[in-house]
Amino acid sequence: MGYGELIIRSYDPQYDRTRVEDFERKCEVGPAKRVFLFTDTLGDPICRIRNSPIYKMLVAELGNQLVGVIQGSIKLVTVHKPPNDLAKVGYILGLRVSSLYRRRGIGSSLVIKLEEWFIANDVDYAYMATEKDNKASVKLFVDRLSYVKFQTPTILVNPVSHRMSRISSNVELAKLKVEEAEAIYRKFMSSTEFFPIDIGNILRNKLSLGTWAAYPRGESWGGVPSSWAMLSVWNSGELFKLRLGNAPLSCLMYTKSSRLIEKLVPCVKLPCIPDFFRPFGFYFIYGVYREGPLSGKLVRTLCRFVHNMASKSKDCKVIVTEVGCSDTSRLHIPHWKSLSCPEDLWCIKALKNEKKNSLHELTKTPPTRALFVDPREV
């Protein structure tokens, strides 16, 4: 073909950082008729995996030309019911191949090379997430690389407005200490699908803004409230920024006009769309848990509290949450349907022969347990 031998190697920050950033920008050109997002990694191409326990980025070259990249991270999580409930999993993300070099097996080669790194680190399962309608990605992982569909979580996105949300006077809110939050998560969510064993490290990370609990006013948090809910917040905007691309002119006009009307006539309750055309950050809500007959209302109150916290930030434009498809908490989390994704797609593959039988159980059994989405992998 005249392009030379394909070389796949580890990312070298001194040599590759600028090249990868330029490459990522070129690959962010989306379909002509679809809205898409630009990602600004703020000078750190591995920002999305840097907070994971173990991580790696690979680059693919033909001659001196950078033609592909991929990232991966490794952690220990809960995937089965006790007693065999722990497994080491490898997460695949950030697969990009230059448009000029697609359909030449570069994407497959990058995934296989990353799987080899997983295997060398004793990983039980590899998994990835993609849009359900991303036919190219599904074809690569499912049809060619033997991954199987595992989960279809729901991504909920709520824009942040300048208006403060009303917090019910019948609800008590408490910010939990890290040690207390960790103990509660381990007690109530340790059997949740994909619960990270190093939850303490997540909660202590500087990007984790805190954990809050809500319960009925007049009851004691020290006792056991009749209903309660909790969640944690991760500041993804400190890692990278997003910007909307290819949006129709009508969307831009509505954004500007709604903000103007809100400023001039605040009594008019016109939904105001934040300015997504400039780089913005977002908060990610994780670890949503609730118990009791009033817990749905308490989850909604917590989300309103997070909204008010985000509205004080100049950078945060949306609040994002991802929950399992069977998690009824999604019914109580404020979101805009037009911005959300009802079915994200997770695919998984057993990397050890002895795990293939358990993989069948994982993928064929209806997903009735809650799903823990690690904020480090957003």
Side-chain angles (χ1 to χ4, degrees), residues 6-13 16-17 19-31 34 36-41 44-52 54-62 65-75 89-121 123 125-151 153 155 239-240 242 245 322 341 344-349 351 373-374 376-378:
L6 178 68
I7 296 176
I8 297 177
R9 58 172 176 80
S10 296
Y11 166 79
D12 181 343
D16 295 320
R17 188 182 68 179
R19 301 171 72 214
V20 171
E21 282 191 299
D22 291 341
F23 176 79
E24 290 276 2
R25 279 192 289 269
K26 293 176 182 177
C27 288
E28 287 289 358
V29 178
R34 287 183 56 188
F36 58 94
L37 290 172
F38 287 105
T39 302
D40 182 355
T41 59
D44 183 11
I46 59 173
C47 62
R48 291 180 63 193
I49 56 174
R50 185 177 292 282
N51 290 283
S52 298
I54 307 175
Y55 58 86
K56 192 178 191 66
M57 183 176 192
L58 299 175
V59 299
E61 293 176 315
L62 280 175
Q65 183 74 27
L66 182 65
V67 296
V69 297
I70 195 171
Q71 300 180 43
S73 61
I74 298 173
K75 63 183 179 181
V89 296
Y91 181 53
I92 299 172
L93 71 160
L95 175 61
R96 300 279 192 276
V97 176
S98 170
S99 58
L100 299 176
Y101 296 91
R102 289 173 185 167
R103 297 183 178 86
R104 298 180 185 177
I106 295 174
S108 299
S109 297
L110 280 165
V111 175
I112 292 170
K113 200 71 174 179
L114 191 62
E115 288 178 349
E116 291 175 358
W117 177 68
F118 287 157
I119 293 170
N121 282 275
V123 167
Y125 304 99
Y127 75 106
M128 50 77 69
T130 187
E131 295 178 0
K132 190 176 181 180
D133 61 353
N134 189 333
K135 296 181 180 179
S137 184
V138 173
K139 184 176 181 179
L140 171 62
F141 282 92
V142 176
D143 296 347
R144 296 182 184 175
L145 297 172
S146 302
Y147 283 72
V148 291
K149 298 177 182 179
F150 168 49
Q151 289 271 2
I155 301 176
L239 290 177
F240 59 92
L242 300 174
E322 188 168 9
C341 173
D344 194 22
L345 177 63
W346 287 21
C347 298
I348 192 168
K349 176 181 180 179
L351 297 181
V373 180
D374 194 327
R376 299 172 297 188
E377 297 175 352
V378 174

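Since we're looking at a predicted model, the values are computed, not measured.
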Novice: Could you grab the distance from atom CD1 of I70 to atom CD1 of I112, nearest 0.5 Å is fine?
Specialist: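 Here the rounded value is 10.0 Å.
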
Novice: Indicate yes or no: at least one non-hydrogen side-chain atom of V20 is less than 4.5 angstrom from one of Y11.
Specialist: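 Heavy-atom side-chain distance check passes, below 4.5 Å.
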
Novice: Here's a test for you: under side-chain contact (heavy atoms from CB on, under 4.5 Å), which of E21, R9, M57 qualifies with D16?
Specialist: R9

Novice: Closest approach of P153 and W346, non-hydrogen atoms and distance?
Specialist: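 Looking at all heavy atoms of both residues, the closest pair is CG-NE1, 3.6 Å.
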
Novice: Walk me through whether M128 and S137 qualify under side-chain contact (heavy atoms from CB on, under 4.5 Å).
Specialist: CA-CA 10 Å; M128 50 77 69; S137 184; 3.5 Å; yes

Novice: Quick one: closest heavy-atom pair of L114 and G72, and the distance?
Specialist: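 Taking L114 first and G72 second, the nearest heavy atoms are CD2-CA, 3.9 Å.
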
Novice: To the nearest 0.5 Å, what is the distance between CZ on R17 and CD1 on I46?
Specialist: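 That separation rounds to 11.0 Å.
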
Novice: Given side chains that start at C-beta, do those of K75 and R376 come closer than 4.5 Å, heavy atoms only?
Specialist: yes

Novice: Counting C-beta onward and ignoring hydrogens, is there a side-chain heavy-atom pair between F240 and C47 closer than 4.5 Å?
Specialist: yes

Novice: How far apart are the C-alpha atoms of Y55 and Q71, what are their side-chain angles, what is the distance that settles it, and do they pass the side-chain contact (heavy atoms from CB on, under 4.5 Å) test?
Specialist: CA-CA 8 Å; Y55 58 86; Q71 300 180 43; over 6 Å; no

Novice: Could you tell me the separation between the OG1 atom of T39 and the CG atom of L239, rounded to the nearest 0.5 Å?
Specialist: 12.0 Å

Novice: Quick check on the 6.0 Å ring-centre criterion: do Y91 and Y127 meet it?
Specialist: yes

Novice: What is the minimum heavy-atom distance between S73 and F118, and which atoms define it?
Specialist: O-CE2, 3.9 Å

Novice: Can you tell me how far the CD atom of Q65 sits from the CG atom of L6, to the nearest 0.5 Å?
Specialist: 12.5 Å

Novice: Between V67 and V59, is there a side-chain heavy-atom distance shorter than 4.5 Å?
Specialist: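 They are not in side-chain contact.
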
Novice: Hey, are the side chains of V69 and L110 touching, using non-hydrogen atoms and a 4.5 Å cut-off?
Specialist: no

Novice: Could you measure the distance from the CD atom of E377 to the CD1 atom of I92? Nearest 0.5 Å is fine.
Specialist: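 It comes to 11.5 Å.
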
Novice: Begin with the C-alpha distance, continue with both residues' side-chain angles, and end with the deciding distance and a verdict on salt bridge (charged side-chain N to carboxylate O under 4.0 Å, His left out) for R96 and E24.
Specialist: CA-CA 8 Å; R96 300 279 192 276; E24 290 276 2; 3.4 Å; yes

Novice: Take atom CZ in R19; do more than 12 heavy atoms of anything else shown fall under 6.0 Å from it?
Specialist: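 Yes.
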
Novice: Given Y147 and V111, is the side-chain contact (heavy atoms from CB on, under 4.5 Å) satisfied, shown in steps?
Specialist: CA-CA 11 Å; Y147 283 72; V111 175; 4.1 Å; yes

Novice: Passes salt bridge (charged side-chain N to carboxylate O under 4.0 Å, His left out), R50 versus D44? Steps please.
Specialist: CA-CA 9 Å; R50 185 177 292 282; D44 183 11; 2.9 Å; yes

Novice: Give, for atom CD of E131 and atom SG of C341, the distance between the pair rounded to the nearest 0.5 Å.
Specialist: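 Reported to 0.5 Å precision, the distance equals 6.5 Å.
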
Novice: Compare all side-chain heavy atoms of K149 with those of L345 and state whether any distance is below 4.5 angstrom.
Specialist: yes

Novice: When F141 is tested against each of L95, V148, N134 for side-chain contact (heavy atoms from CB on, under 4.5 Å), which residue passes?
Specialist: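 Per the side-chain contact (heavy atoms from CB on, under 4.5 Å) rule, the option paired with F141 is L95, out of L95, V148, N134.
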
Novice: What pair of heavy atoms forms the shortest contact from V97 to F23, and how long is it?
Specialist: C-CZ, 4.0 Å

Novice: Which heavy atom in K56 sits nearest to a heavy atom in I49, and how many Å separate them?
Specialist: O-CD1, 3.6 Å

Novice: Salt bridge (charged side-chain N to carboxylate O under 4.0 Å, His left out) for D22 and R25? Distances and angles first, verdict last.
Specialist: CA-CA 5 Å; D22 291 341; R25 279 192 289 269; 2.4 Å; yes

Novice: Evaluate the side-chain proximity of E322 to D344: yes if any heavy-atom separation is below 4.5 Å, no if none is.
Specialist: yes

Novice: Give me the atom names and distance for the closest heavy-atom approach of L140 to S108.
Specialist: CD1-OG, 3.1 Å

Novice: With a 4.5 Å limit on heavy-atom distance, are the side chains of I74 and V89 in contact?
Specialist: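 No, too far: nothing below the 4.5 Å cut-off.
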
